[in-house]
Amino acid sequence: MKKIMAIALSAAMLMGLSACGASGAPAATAAKTDAKSSYAGKKLIMATNAEFPPYEYHDGNDIVGIDVEIAKAIAEEMGAELEVSDIAFDSIIPAVQSDKADFGAAGMTITDDRKTQVDFSDTYATAIQSVIVKEDSAIQSVDDLKGKIIGVQQGTTGDIYSTGDFGEDKVQRFPKGADAVQALSTGKVDAVIIDNNPAKVFVQQTSGLKLLDGAYTEEQYAICVKKGNKELLDGINKALADLKSSGKLDQIVNTYIKAE
Ligand code: GLN
């Protein structure tokens, strides 16, 4: 019940934003006109993959979630209008590199390899990779995964790390995390490795599945920009710092993630 209300609330908030963007004037009024960023009055495009609840997901025709709320604050910081571009997860970095998007916000983990391709903001969340199995599975820990078939979302850290640990031929890649979870339900894979918060949502939405206790890895989420785009990175870090110090970030997170 609380969750449904939270989704309805966030959808209303997002609709409010798009209404402002469409009419032009209110978005400009909300913006800090003294910021004089070169983005002021322009469109700021966020690349994401809206298959990753509660960070970004579809709610009817809207894309909502924690990252969308953070992106709204960033756009406001830069005096810009926000546009959300929903693309495949592994297309986000190329989109940022080729200026098809200004930044990527997608529960994206900072990795050394990605750091060679894009610049990352300060981190805004710590996450873990979790293992989902069938309720009656014999797999009780990460150690039991050896030799098993693991489902992942293509290009994610779940994919990268499990391919490294268990071997290319043991990992099956799916375009969406939900597809990997579906494959687990129907017995096509033995386990799914995916970020903890989406994992909880998927387990809740699908009967007969459970999360293993413990973490496969611990990671930090951050927003990525094109290498060298200091102005945008500074704006993002300023917005993140404001969200952290004002308590707004916690408030956003608590709207989307129920305390246990
Ligand atoms: N945190 C994971 C990664 O960065 C998954 C992100 C996602 O699927 N949106 O690879």
Side-chain angles (χ1 to χ4, degrees), residues 45-59 63-71 84-97 100-101 103-132 142 150-166 168 171-184 189 191-206 211 214-226 236 240 252-253 256-257:
I45 301 176
M46 157 185 172
T48 196
N49 174 238
E51 304 293 342
F52 197 71
Y55 285 90
E56 41 270 328
Y57 57 99
H58 292 271
D59 182 29
I63 295 172
V64 298
I66 294 168
D67 287 332
V68 180
E69 302 288 337
I70 292 174
V84 179
S85 169
D86 181 23
I87 57 179
F89 182 76
D90 52 5
S91 298
I92 295 173
I93 287 181
V96 167
Q97 287 175 316
K100 287 198 187 97
F103 64 93
M108 187 180 283
T109 301
I110 303 170
T111 69
D112 287 342
D113 182 48
R114 289 174 183 165
K115 275 202 273 190
T116 67
Q117 305 169 46
V118 283
D119 286 342
F120 280 103
S121 71
D122 296 334
T123 178
Y124 62 90
T126 298
I128 57 173
Q129 292 289 312
S130 288
V131 182
I132 311 176
V142 171
I150 298 160
V152 296
Q153 183 184 8
Q154 173 144 342
T156 61
T157 42
D159 178 0
I160 297 160
Y161 298 140
S162 49
T163 301
D165 286 348
F166 304 106
E168 181 75 39
V171 177
Q172 275 194 26
R173 300 177 180 84
F174 298 86
K176 304 175 187 178
D179 296 341
V181 172
Q182 189 57 33
L184 174 61
V189 300
V192 168
I193 296 184
I194 194 161
D195 300 48
N196 183 249
N197 281 307
K200 282 186 189 158
V201 175
F202 293 140
V203 166
Q204 204 190 344
Q205 288 171 349
T206 322
L211 270 178
Y216 176 49
T217 59
E218 187 176 304
E219 311 180 351
Q220 302 293 325
Y221 288 168
I223 292 168
C224 68
V225 300
K226 189 177 184 175
I236 289 172
L240 285 174
I252 293 170
V253 170
Y256 286 92
I257 302 177

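Not measured: the values here are computed from a predicted model. Numbering of ligands and ligand atoms starts at 1, following listing order.
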Would you please indicate if the ring centroids of Phe89 and Phe52 are separated by under 6.0 Å? no
For Gly65 and Tyr57, work out which heavy atoms get closest and say how close. CA-CE2, 4.1 Å
Does ligand 1 have any atom sitting under 4.0 Å from a heavy atom of Tyr221? yes
Give yes or no for whether the N/O distance cutoff of 3.5 Å, strictly under, is met between Gly155 and ligand 1. no
Atom CD1 of Ile63 and atom CE of Met46: how far apart are they, to the nearest 0.5 Å? 8.0 Å
One finds that the ligand 1 atoms under 4.0 Å from a non-hydrogen atom of Thr156 are 5 (C), 8 (O), 10 (O)
Lys/Arg-Asp/Glu bridge criterion (N-O < 4.0 Å) met for Lys176, Asp179: no
Minimum distance, heavy atoms only, to atom 3 (C) of ligand 1: which one of Gln129, Arg114, Lys176 is it? Arg114
Compute the shortest N/O to N/O distance between Gln153 and ligand 1 and return yes if it is under 3.5 Å, no if not. yes
Closest non-hydrogen protein atom to atom 6 (C) of ligand 1, residue and atom name please, with distance? Gly107 O, 3.3 Å
Tell me the nearest of Asn196, Ile128, Asp195 to atom 1 (N) of ligand 1, using heavy-atom distances. Asp195
What's the spacing between Asp165 CG and Thr217 OG1 if we round to 0.5 Å? 9.5 Å
Heavy-atom closest pair, residues Ile193 and Val152: O-CG1, 3.9 Å
Report yes if Ala106 has an N/O atom closer than 3.5 Å to an N/O atom of ligand 1; otherwise report no. yes
Does the N or O separation between Glu56 and ligand 1 drop below 3.5 Å for any pair? no
Closer than 3.5 angstrom, by distance alone: can the side chain of Arg114 be matched with the main-chain N or O of Thr109 as a donor-acceptor pair? yes
May I ask you to list the atoms of ligand 1 that are less than 4.0 angstrom from any heavy atom of Met108? 4 (O)
